[in-house]
Structure formats: C-alpha cells, structure tokens
Amino acid sequence: MPHRDVVSATAAIGALTRSGRHRDAVALFSGILGDGIVPNEFTFGTILQSASALRDLRVGAQLHACVAKLGLCSNVFVGSALVDHYAKMGSVREAQGALQDTREPNVVSYTALIAGFLKNGMSGDAARLFRCMPERNVISWNAMIGGSSKAGLNEEAVNLFLEMCREGVRPNESTFPCLLTSVANAGALGVGRSIHASAIKFLGKLDVFAGNSLVSFYARCGSLDDSVLAFKKIKNKNVVSWNALICGYAQNGRGEEALDAFRRMKATGLKLDRVTLLGLLFGCNHAGLVDEGYSLFRTAEMEQPGVLRPEHYACVVDLFSRAKRFDDAKRFLENLPFEPGIGFWKSLIGGCQIHWNRELAKSVAKHIHALDPKDTSSYILLSNVYSAAGSWQDVSMIRREIKEKGLKRITGCSWIEVQNQVHVFFNGDRRHPKSDDIYMMLESCLNSEEDEDCLV
DNA sequence: ATAGGGTTAG
C-alpha cells in the first residue's frame with residue numbers, strides 16, 4: 001500500500017523502527033522520497049533511530065544531508081535526533097555540531113549529548129554540560145547516573161542520586177538498575193540497602209529491571225538470602241532474572257544451587273542464553289563440578305550452538321585445568337573451532353599454578369608471550385609456579401625480566417564496608433588513617449593462628 | 001493522525 005502523505009508514511013516507518021525492522025524502515029524512507037513525499041521533523045526523528053540501531057554512519061550522513069537540503073537543521077526535534085544518532089555512533093564532534101546547529105536546544109538535546117559524552121569516556125565534559133544546562137529532568141539525571149555507572153564512576157553515581165533526591169526530583173524505575181549496579185561494583189551493602197528502601201518508597205513495587213539488578217546486587221555483596229528474597233519478589237521473571245540468580249550462586253561458590261536454579265528455570269519453559277551458560281560453567285568451575293560443567297557445555301553445543309562464544313570454551317579449559325585434567329584441557333584446546341586467544345592460555349597456566357605443573361606452565365607462557373609480549377599476568381603466574389616448585393633461580397630470572405621490560409602489574413585489592421563507608425586496601429598499603437591499628441590487629445590475628453597450629 | 005533523551009544478568 002503506497003503512502004500518500006507524510007503523516008501515514010511517518011507512522012509506517014515508526015512502526016518498523018519500533019519493531020526492530022530497521023532495514024525495512026530505511027527502505028521505506030527511500031521509497032517515500034522516490035514518491036515525492038517530503039519528510040518532516042517526525043520522519044527524521046524516527047528514521048535516525050533506525051540508522052543508529054543499524055550502526056550505519058553512511059545512512060546517518062545521507063539523512064543529515066537530506067535534513068540540510070530541507071533546511072531542518074535548526075529544528076529542535078531533528079537536532080536532538082541528530083545529536084542522539086551521532087552520540088550513539090561515537091561521533092562526539094558531529095553530535096556537538098548538531099547541537100550547535102539547533103536554534104533552541106532543549107533538555108532532550110542536552111541529555112542526548114551528555115549520554116554521548118559519557119558513552120565515549122568524556123565524563124568531565126558530561127558533568128560540565130550537565131551543570132550548565134538550562135533545565136534538568138529525571139531523564140537527564142538518569143543519563144548522568146547510568147552513564148557514570150557504566151564508566152565505572154560508582155561513587156559519582158551514588159552522589160548524583162543523593163543530589164537528585166535533595167533537589168526534589170523523583171527518581172523513576174530507570175534510575176535504579178544502573179545505580180544498584182554501581183553500588184554492587186563498590187561492594188557497598190549498606191548503601192545498597194538504603195537505595196533499595198528508597199526505591200520501594202518512591203516506586204512502591206519494583207519492575208523486573210530494578211528487581212534483576214537487586215538480585216545481582218545482593219548476591220555480589222555476598223548476601224545470598226536477600227538475593228533470593230529479591231528474586232522471589234519479581235513478578236514476571238525473565239531470563240535475566242534467572243541469570244542474576246544463577247551467577248550469584250556461581251560467584252559465591254554455590255555450584256550445586258546454581259545447577260538447581262537452572263533446573264527450575266528450564267521447568268518454567270525458559271531456555272539458557274550465553275550468560276546463563278557462562279554462569280553455570282563458572283559455578284561448576286568454583287565448585288569443582290567438572291563433569292557436570294562439561295556435560296552442560298556439550299548439551300548446549302548440541303541443542304543451542306548459537307549461544308556458544310569463545311568465553312564458554314575458555315571456561316571449559318579452566319574447568320579441566322583447575323581439576324588437574326591437563327590432558328583433557330589440551331585435547332579440548334586442540335579441537336577448538338577457532339584460534340585460541342590469549343585468555344585460553346591464561347586459563348591453562350592458572351591451572352598449572354594451582355597444581356605446580358612447571359613444565360606445562362613454561363610452554364604455555366611461551367604461547368602467551370608470543371601473542372602479547374607485554375602481558376604481565378602470565379609472567380607473574382609463571383613466577384608463582386616456579387616459586388611454588390621452589391625454583392628460586394627461575395623466579396629471580398622472571399622478576400628481572402619483568403623489571404627490564406618495564407612491565408607494571410595491576411595490583412589486586414580488597415575492601416570492607418563499615419557503617420556505609422567502603423575502605424579499600426592494596427597489598428602492603430599503609431595509606432589508611434588507622435593503618436597502625438589495622439596492622440597491629442592483623443599481627444595479633446596471625447599470631448593467634450600460629451598458636452593454634454602449635455596446639456595441633 | 002506521526003515524535004526525540006535515560007534501564008537489568010558475566
């Protein structure tokens with residue numbers, strides 16, 4: 001059916017965009033141009049979304065040219081759609097240009113650019129623009145909170161949320177998913193509990209998005225009971241809800257419970273996806289359920305080969321090598337349907353470390369250094385294998401090599417939350433204000449442990 | 001009889 005006017009054509013394009021048929025939307029747009037119908041600002045608003053979804057800069061540029069020819073660049077509606085498109089494509093400069101072309105940019109235009117800044121690692125620019133934009137609504141706050149959270153600025157995300165509440169802006173259901181993820185990243189159980197309470201206060205009931213992040217948040221903070229409780233409260237559980245639960249069990253070393261949750265998930269008629277499988281394999285890994293894990297992998301390989309990704313194969317290598325089944329690991333590695341990346345060899349060398357397999361570790365380290373001469377962790381792992389095996393000469397050789405090549409190791413850290421304050425510690429860290437007391441306590445703990453050993 | 005910015009699981 002041909003579209004006679006721009007209104008019905010725009011409606012048809014919009015329907016295609018919303019149902020994810022982006023190629024068809026673009027084709028229909030070209031069609032109506034051919035029919036001599038002149039698109040309006042709403043037409044561009046919807047078709048630019050399809051261009052973003054297709055990640056097609058060429059289509060975007062053609063649309064922009066078309067906008068310019070029609071003299072619509074200064075239109076605020078078209079302008080914000082262009083800003084959004086360029087921001088989503090990672091072309092921040094063009095997004096800024098589109099905002100400058102807009103005669104009277106509004107809260108939507110600014111929010112689109114702020115989201116673009118954050119997505120492209122320009123959080124400073126995002127914050128500056130956010131502070132000076134003429135008007136802010138809940139969506140702009142959500143963009144800042146979500147963007148900061150995704151950029152790893154967890155504390156910033158929480159502070160923004162508090163500030164938003166102080167300014168009297170009511171959070172909505174989109175505020176909480178990212179915020180809870182940030183709090184989980186920070187491991188701040190107490191802060192998360194208050195945010196949970198505030199979500200209930202503002203929203204009454206939580207939707208599946210907030211519910212899912214809550215399940216994951218509690219699990220990642222080690223509070224599995226609360227995680228299960230949050231899971232039970234979700235009305236329309238989807239695969240993400242189950243994944244949050246399964247991964248929570250897996251991360252806390254509860255492999256059997258992860259498997260059991262998976263059985264219940266299947267009973268509801270849901271199929272596993274790549275995250276489910278990853279969580280299950282991870283859970284089996286940490287609980288030593290080698291055969292169970294491998295059989296899950298094989299089943300998925302037969303029934304849903306589409307979900308398999310290199311990281312699943314890497315998990316299987318991990319599974320075998322942790323269990324000291326190096327022959328199985330090597331055979332599996334030799335039969336991969338793709339070239340193994342560096343992570344595969346790292347899995348294997350990790351197992352070598354646990355089981356003191358010096359010879360295998362040496363040959364695996366060669367593979368790793370061939371793929372990435374700057375990889376520090378494999379040097380460290382290799383030196384750990386040597387020191388576990390008592391080959392001190394090899395250890396000092398590796399240490400010298402690390403030093404000569406100027407490699408930096410990424411230091412692991414741990415943290416603890418006390419009264420809503422998260423305290424972070426690195427190895428040998430003395431920066432904490434109560435460092436002396438902490439080390440004194442640590443000494444006395446270590447000493448009493450020794451005493452116990454003596455008694456035994 | 002059309003519409004724009006923000007959301008979950010590893």
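The structure presented is a predicted model; accordingly, all values stated were derived computationally and were not measured. Letters A, B, ... are given to chains in the order of the sequence lines, protein chains preceding strands, and every chain is numbered from 1.
- Applying the salt bridge (Lys or Arg N to Asp or Glu O under 4.0 Å) test to every pair with at least one member in residues 293-316 of chain A, sequence neighbours left out, gives these pairs: A:Arg298-A:Glu301.
- Atom C1' of nucleotide B:dT7 and atom CG of A:Leu206 are separated by 13 Å, given to the nearest angstrom.
- Within the model, atoms OG of A:Ser227 and OH of A:Tyr249 stand 7.0 Å from one another, a figure rounded to the nearest 0.5 Å.
- For the atom pair CD1 of A:Ile246 and CD of A:Gln251, the computed distance is 12.0 Å after rounding to the nearest 0.5 Å.
- One can place OH of A:Tyr313 at 23 Å from P of B:dG10, the figure rounded to the nearest angstrom.
- For the pair A:Phe282 CZ and B:dA9 C1', the interatomic distance rounds to 14 Å; values are reported in whole Å.
- Between A:Asn252 atom CG and B:dG10 atom P there is a gap of 12 Å when expressed in whole angstrom units.
- Spacing between atom CE of A:Met265 and atom C1' of B:dA9 amounts to 11 Å, rounded to whole angstrom units.
- If you measure from atom CD1 of A:Ile195 to atom P of B:dT7, you get 17 Å, rounded to the nearest angstrom.
- As rounded to whole Å, 15 Å separates atom P of B:dT7 from atom CG of A:Asn212.
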Scan the side chains in residues 128-136 of chain A for donor-acceptor partners under 3.5 Å anywhere in the protein, sequence neighbours excluded, and list what turns up.
from     : atom 1 : to       : atom 2 : distance (Å)
A:Arg131 : NH1    : A:Glu163 : OE2    : 2.8
A:Arg131 : NH2    : A:Glu163 : OE1    : 3.4
A:Arg136 : NH1    : A:Phe130 : O      : 2.7

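- Rounding to whole angstrom units, OH of residue A:Tyr249 and P of B:dG10 are separated by 15 Å.
- Between A:Val208 and A:Lys235, the closest side-chain pair of non-hydrogen atoms is not below 4.5 Å.
- Using a 4.0 Å heavy-atom distance criterion, A:Arg220 is classed as a sugar-phosphate-only contact.
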Sugar-phosphate atoms are those with a prime plus P, OP1 and OP2; base atoms are the rest. Using that split, label each nucleotide of nucleotides 1-6 of chain B B, S or - for protein heavy atoms under 4.0 Å, 5' to 3'.
-> SBBBBB
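- Within the 4.5 Å cutoff, the side chain of A:Val78 has no heavy atoms near those of the A:Cys73 side chain.
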